[in-house]
There are 2 protein chains.
Amino acid sequence: MSTRSAEGVAVVHGEDELVARTGHLIAAATDVAFAATTLHTWRAARRAGEATGVVASEPPDGVRLRKIYLPNAALDPAAARDLARFCESHGASIRITTDDINDTMLIDRRIAILGGDPRAGRRTYSVITQPDVVAGVAALFDAVWRNATDLSDFDAQVAEIRDIAPQVLDLLSRGVKDEAAARSLGLGVRTYRRRVAELMSALGAESRFQAGVRARELGLV
Amino acid sequence: MSTRSAEGVAVVHGEDELVARTGHLIAAATDVAFAATTLHTWRAARRAGEATGVVASEPPDGVRLRKIYLPNAALDPAAARDLARFCESHGASIRITTDDINDTMLIDRRIAILGGDPRAGRRTYSVITQPDVVAGVAALFDAVWRNATDLSDFDAQVAEIRDIAPQVLDLLSRGVKDEAAARSLGLGVRTYRRRVAELMSALGAESRFQAGVRARELGLV
DNA sequence: ACGCGACTGGCAGGTTGTTGCCACCCCTCC
DNA sequence: GGAGGGGTGGCAACAACCTGCCAGTCGCGT
């Protein structure tokens, strides 16, 4: 057994151990909140839980479920559709943030689980039960939640951008002039400029500088 | 004792324990590399080491010392000067990256230390000795290192930007037209446009869209 | 066939942005 | 005092961008 509890913080190694320690808590929870840096972040843990039967494959009704993702998690149309479907079928709330977040899970606001570096072999998770620390993590989560964009709003915004050739974004971010950019796409300038105007509108930008900032912020370039 | 070694990964809690476990290794190391998300990241650990006398307050001569920081660590002029001084007095190499990094320390490429979430109370550190994992972390570090900008180059670039009123960046990122922006700064349009042109040059941008991307990338807006 | 809607691309008028020129002002130094 | 350097701001020429207009093309439906 490679976990050790000290001062309200337990560190576990890998998803199996995480489930062994927290699976029953998650299964019985009425309020679960996740912040995930990628779509896959908590997938391994969920699979481990389902395999053992500790965690149901479908969350029970009546559980308040919130998830925060980074923009790049929802930029792919298929992923965005999956997320939207999950919202509908489970009454979950999903928001997208451009703030910096770490992989975090909050269970009933009494237990916080923080994911370690996913690149360092088997992942460590810190399971925090110390009330002050949990409260601090929860407060941070709430702050990010409040500032985040609802998935449907984000998706409406990005759906428009997605339909406009990503090549336009690439050319713009390289500082290519409109005429040269149009030529390189085999378009007329008028059409290229139409695309740029649509993109600006979708980004809610009044100027090209502002559009550049927004595009980078959203992880589009 | 709250550490436990398993499969070449040991997790320690707090800087005192980190020093107890690794201080002597760091003191004897000939090649130390850090990646730090903030200027303070490894400060607590160094202080703990100095307090116990395990780690010298000045790194011994002949140690290869490399540090990678995020742009926001070097945007403050005073901080940048401190970093430059450290380079000179210790023969250290410092680079700035816009890539995503985690707090990482590499000791003689045999031991990797990864910092956990700094917001979760006492910080956990994963001390990795398992060779494959260390090699993986080292490879990631090297990739980021190669792609990073030398501190002096970065500083030269940003020094220029720093001297140009940050208000210009703010106005640009809000999409304000030149004439209105100039008026709001109490400048003539010609002068405002000089500032913008200088900024564009400092950012190495050919267009305003590109400049917006770059500015965001550097954490300037 | 015809009508309609959607889209393209050239053209042109207007706006915004880029930059050189030059008069003017201020400060420092001899 | 004059010379020189640095900076500002108005003006203007030019380039780049924004967008309406309209002719033409294509696809679809009746």
Side-chain angles (χ1 to χ4, degrees), chain A residues 77 80-81 155-221, chain B residues 77 80-81 155-221:
Chain A
R81 270 197 305 273
D155 202 44
Q157 181 187 347
V158 179
E160 231 182 306
I161 299 174
R162 229 183 263 122
D163 288 340
I164 301 165
Q167 293 145 306
V168 176
L169 280 166
D170 178 60
L171 291 160
L172 283 169
S173 71
R174 289 195 278 115
V176 182
K177 300 293 190 291
D178 288 1
E179 213 177 284
R183 203 180 318 125
S184 77
L185 292 179
L187 304 176
V189 175
R190 186 67 191 86
T191 300
Y192 178 79
R193 282 180 180 156
R194 275 207 184 93
R195 296 289 176 273
V196 171
E198 289 159 13
L199 180 59
M200 302 265 284
S201 172
L203 290 170
E206 301 288 315
S207 71
R208 288 196 179 196
F209 188 100
Q210 189 183 22
V213 172
R214 295 282 293 153
R216 176 66 184 176
E217 204 166 71
L218 291 172
L220 298 172
V221 292
Chain B
R81 270 196 306 272
D155 202 44
Q157 179 186 349
V158 179
E160 232 184 303
I161 299 175
R162 232 184 260 122
D163 289 340
I164 301 167
Q167 292 144 307
V168 176
L169 279 167
D170 179 60
L171 291 161
L172 283 170
S173 70
R174 289 195 277 114
V176 183
K177 300 291 191 292
D178 287 0
E179 213 177 285
R183 203 181 319 123
S184 79
L185 292 179
L187 303 175
V189 174
R190 186 69 193 86
T191 301
Y192 178 79
R193 284 177 178 160
R194 277 205 184 95
R195 298 285 177 276
V196 172
E198 288 160 12
L199 180 59
M200 301 267 281
S201 172
L203 289 171
E206 301 288 313
S207 70
R208 288 198 178 196
F209 189 100
Q210 189 183 21
V213 173
R214 294 281 295 152
R216 177 64 185 178
E217 203 167 73
L218 291 172
L220 297 172
V221 292

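Residue numbers start from 1 in every chain, and the chains themselves are labelled A, B, ... in the order their sequence lines are given, proteins ahead of strands. Atoms considered below: every heavy atom in the structure, side chains included; atoms not considered: hydrogens, waters and symmetry mates. This one's a predicted model, so the numbers in the text were calculated from it and none came from an experiment.
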Inter-residue atom distance [X].[atom1] - [Y].[atom2], 0.5 Å rounding:
X      : Y      : atom1 : atom2 : result
B:M200 : B:L172 : CE    : CG    : 9.0 Å
B:Y192 : B:K177 : OH    : NZ    : 11.0 Å
B:Q210 : B:E217 : CD    : CD    : 10.0 Å
A:L185 : A:R195 : CG    : CZ    : 9.5 Å

Can you measure [X] atom [atom1] to [N] atom [atom2] for me and round it to whole angstrom units?
X      : N      : atom1 : atom2 : answer
B:D178 : C:dT18 : CG    : C1'   : 10 Å
B:R190 : C:dT16 : CZ    : C1'   : 14 Å
B:L171 : C:dG17 : CG    : C1'   : 16 Å
B:Y192 : C:dT16 : OH    : P     : 14 Å
A:L185 : C:dT8  : CG    : C1'   : 14 Å
B:Q210 : C:dT18 : CD    : P     : 13 Å
A:M200 : C:dT16 : CE    : P     : 12 Å
B:F209 : C:dG17 : CZ    : C1'   : 17 Å

Going 5' to 3' along DNA chain D, which nucleotides are the first and last within contact of chain A (any atom under 4.0 Å from a heavy atom)?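 That gives a stretch of D:dA16 to D:dC21.
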Please determine whether any donor N or O and acceptor N or O are separated by less than 3.5 Å between the side chain of A:R194 and the base of C:dG9.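 Between C:dG9 and A:R194, which were checked side chain against base, a qualifying N/O pair under 3.5 Å is present.
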Is B:R208 near enough to C:dG17 that one of its side-chain N or O atoms lies under 4.0 angstrom from OP1 or OP2?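 Indeed, a polar side-chain atom of B:R208 lies that close.
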Please name the pair of heavy atoms, one in [X] and one in [Y], separated by the smallest distance, quoted to 0.1 Å.
X      : Y      : result
A:A215 : A:L169 : CB-CD2, 4.1 Å
A:R214 : A:L203 : NE-O, 3.2 Å
A:V213 : B:R216 : O-CG, 3.8 Å

5′-ward residue of the pair A:K177/A:A197 relative to DNA chain D: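 Taking each residue's closest nucleotide, the earlier one in sequence belongs to A:K177.
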